There are 2 protein chains.
Amino acid sequence: MDRRTDRKIGIKDVSREAGVALSTVSHVLNGTAPISTEVRNRVLEAARRLGYLAKRQQKGAIASLSTVYLAVPPGNLPHNDINLVSWTLLTALSRECERRGTKVVAHAGAPELNAAEILAGAQAANAEGIILVYDDNPKLLRALAASGLAVILLNGEDPTMSVDTVAPANRFAARLATQWLLSRGHRRILHLTWRGRSTIMRRLDGFRDAYAEQNLPADLGRVLFAEGYEPDHARTALKRFIHQHGGLDGHTAVFCAADNLAIGALAELQEHGFQIPADIAVVGFDGVAPGDLTVPSLTTVRVPLDALAVSTLQALEQRLSLTGLDHPTCRIELGCRLIERDSANFTLRT
Amino acid sequence: MDRRTDRKIGIKDVSREAGVALSTVSHVLNGTAPISTEVRNRVLEAARRLGYLAKRQQKGAIASLSTVYLAVPPGNLPHNDINLVSWTLLTALSRECERRGTKVVAHAGAPELNAAEILAGAQAANAEGIILVYDDNPKLLRALAASGLAVILLNGEDPTMSVDTVAPANRFAARLATQWLLSRGHRRILHLTWRGRSTIMRRLDGFRDAYAEQNLPADLGRVLFAEGYEPDHARTALKRFIHQHGGLDGHTAVFCAADNLAIGALAELQEHGFQIPADIAVVGFDGVAPGDLTVPSLTTVRVPLDALAVSTLQALEQRLSLTGLDHPTCRIELGCRLIERDSANFTLRT
DNA sequence: CTGAAAGCGCTTACAG
DNA sequence: CTGAAAGCGCTTACAG
């Protein structure tokens, strides 16, 4: 493999690699002549290996999006918040736009997002598409969808399926993390969450799924609601819980619906003298904070923010190219991975 | 708009349509020179309108899949079953493959799908990808994923997110149908379903979501499990229910998790002398049967089978082009539409 | 399926 | 950003 990635790859290279005539490659790629499947496969494999197919695909996808309009509920904007997830997601989004040469215009409107304002802003910016982040107000979504512009909801749910959405596979990821704890002997797991957007409730669904899948009594998995998703909310909720039950009430693990909560949980639990993970294991959800931010380092579910940004732009272009056709709206969920660190690195004897 | 779709459209046409120089169009499409957003947008819009972008995209996507290997659990094969959904889905799939010039090789193995057999078959067929339909056995999925071949699960769930999946948005669609009934005054709705694959349980989730969303007591929405998804299973289950309760126990609507069940429900309810929809409304799920197959015609949720087939092939190609990279697996759900016919065409006075 | 050759469409460099 | 021009890469028709 001494191919230089800088030299441009053409069908001549593919024909040499596959050991067939130049014209044969062309015919395979365009379906303009009947070619035996054996040769056809050889050609396609060579084209794929040399990156020719990828190059060709990129050329087809390029440049259809010149400007996107980005609307984020002000409460989730990075500057007035310690929300690292928001910040990382928006960074990934703008980096991906830059890579594609797509201009991003951010919405700056009233604190409450408003369809008319967003549409006016998008029009003024000459945007072909709108990316809405987090907000899942059905009225807003429906109004935007009715405008005929291409709209994608990122990191939110639209139960009415009026617009395309891109989000992490929250339910399945939470289920996997819970299963992982169960497989290490934990039985009484506390799910620490808050009454946030519906995507957060999907993590609760997944938590319960894991118990159901193993035919374990559902009440082994208790749910504790904090007042919000900041570390202090976690501390307050846990403090009250520990006070009420005179301890952890037999729980051996806390599965938090956000890293922010997990950070607060670590602090609060340690303040009460619990050893982590020996007395109680802690698992987070998000995976944007560096591992050594906490002591012990946090085991967590990593949400693929970069891939979410890529998929969002792809979905937007896809929708744009389908303008006019009534292709159904789609919901895309991306898989998350468990990052095993110290805060849950302990197997219970069963 | 007198453009002839048969004449090939080139950038010359785009430049004329947009009123700019030929070279400008090229620069816009390739990002090879800085172009003002105003001109850029004019060019892209013209390119989109003339179908040039679509043509270019198609060229990029074409021909990367030569052969797919199709594995369907034998129980779901059309020939030994009255399962119209299966039949329609597989037809849509093979039609889409034909359109793309992709060869389909069907798996013919033991009644129980087996990873080694499937992989051997796919290899023998020189297939680049595998489409698995329905089956959601986690062991099977994991084994296939580990093989390194591109794998898509169609109409199933993979909670482990080992392989990419494409499915209808079952949960949201069931929620919408239930909301629609609730909005027409129904309060006690019976959800008639069966213990099928997990995708069917998502319809139950959606049924419950609709009650929760309106803050209605969850026990207003009762669930009745039939022994299977055939019309006779529905009849048996309903017969027993009516007998036990000496009637419909206050229910004014039956929301069935499959059209097959709805067909049985219509027959059974009418046999007991109930008027449909005046005494009880019936809603199905699938939408593959013609509307006049039943009396009265069936209101149902239409699953976009053609679009599912298109998305499946797209997802497979996408995965193929990402070979090597560790892009997370994705789950794609497509929106469904409620088809309003006579069997639920009745609004209750509230 | 090959290989040489003609031709087409797009890209690119450049003066205005 | 235009417009004429050179050039490149791919397509296509055809004899073998």
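Every value quoted in this text rests on a predicted model; they were computed, and no experiment measured them. Letters go in sequence order (proteins before strands), and every chain restarts at 1.
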Subject >> Spatial distance of atom CD1 (B:Ile332) from atom CG (B:Leu154) [nearest 0.5 Å] >> reply: 11.0 Å
**OP:** Might you point out which heavy atoms bring B:Ala127 and B:Leu149 nearest each other, and give the distance in Å?
**Re:** O-CD2, 3.8 Å
Subject >> Partner nucleotide, any strand, of C:dA4 [Watson-Crick/G-U, under 3.5 Å] >> reply: none
Original post:
Using a cut-off of 4.0 Å on non-hydrogen atoms, how would the nucleic acid contact of A:Thr32 be classed: base, sugar-phosphate, or nothing?
Top reply: sugar-phosphate
Original post:
Counting side-chain heavy atoms from CB outward, which of C:dT2, C:dC10, D:dG3 is closest to A:Thr24?
Top reply: C:dT2
Original post:
Has A:Glu45 got more than 12 heavy atoms of other residues, nucleotides or ligands less than 6.0 Å from its CD?
Top reply: no
Original post:
Please give, in whole Å, the distance from D:dG9 P to A:Ile9 CD1?
Top reply: 12 Å
Original post:
Tell me: CG of A:Asn30 to P of D:dC10, nearest whole Å?
Top reply: 11 Å
Original post:
Given D:dT11, D:dC1, C:dT11, which nucleotide is nearest the side-chain atoms of B:Ser26?
Top reply: C:dT11
Original post:
Closest to the A:Ile35 side chain: D:dT11, D:dT12, C:dC1?
Top reply: C:dC1
**OP:** Would you tell me if any nitrogen or oxygen in the side chain of A:Tyr52 comes within less than 4.0 Å of OP1 or OP2 on D:dC10?
**Re:** yes
Original post:
To the nearest Å, how far apart are B:Arg16 CZ and C:dG9 P?
Top reply: 13 Å
Subject >> Between D:dC14 (P) and A:His27 (NE2): distance, integer Å >> reply: 12 Å
Original post:
Looking at the side chain of A:Ile11, which of C:dT2, D:dC10, C:dC10 is the nearest nucleotide?
Top reply: D:dC10
Original post:
What distance do A:Leu308 atom CG and A:Cys336 atom SG have between them, rounded to the nearest 0.5 Å?
Top reply: 7.5 Å
**OP:** Name the closest nucleotide to the B:Ser23 side chain, picking from D:dC10, C:dA13, D:dT11.
**Re:** C:dA13
**OP:** Could you tell me the separation between the CG atom of A:Leu22 and the C1' atom of D:dT12, rounded to a whole number of Å?
**Re:** 11 Å
**OP:** Return the value, rounded to whole Å, for the distance between atom CZ of A:Arg56 and atom C1' of D:dC10.
**Re:** 8 Å
**OP:** Take the protein atom CG of A:Asp13 and the nucleotide atom P of D:dC8, then report the distance between them rounded to whole Å.
**Re:** 15 Å
**OP:** Would you classify B:Val39 as touching base, sugar-phosphate or nothing, given that sugar-phosphate means primed atoms plus P, OP1 and OP2, and contacts are heavy atoms under 4.0 Å?
**Re:** sugar-phosphate
Original post:
At their closest point, which heavy atom of B:Arg319 faces which heavy atom of B:Thr329, and how far apart are they?
Top reply: NH2-CA, 3.4 Å
Original post:
A:Ser36 near the nucleic acid: base, sugar-phosphate alone, or nothing, with a heavy-atom cut-off under 4.0 Å?
Top reply: sugar-phosphate
Original post:
Between atom CD in A:Glu38 and atom P in C:dC1, what is the gap in whole Å?
Top reply: 8 Å
Subject >> Nucleotide paired to D:dA13 in any strand shown, Watson-Crick or G-U, under 3.5 Å >> reply: none
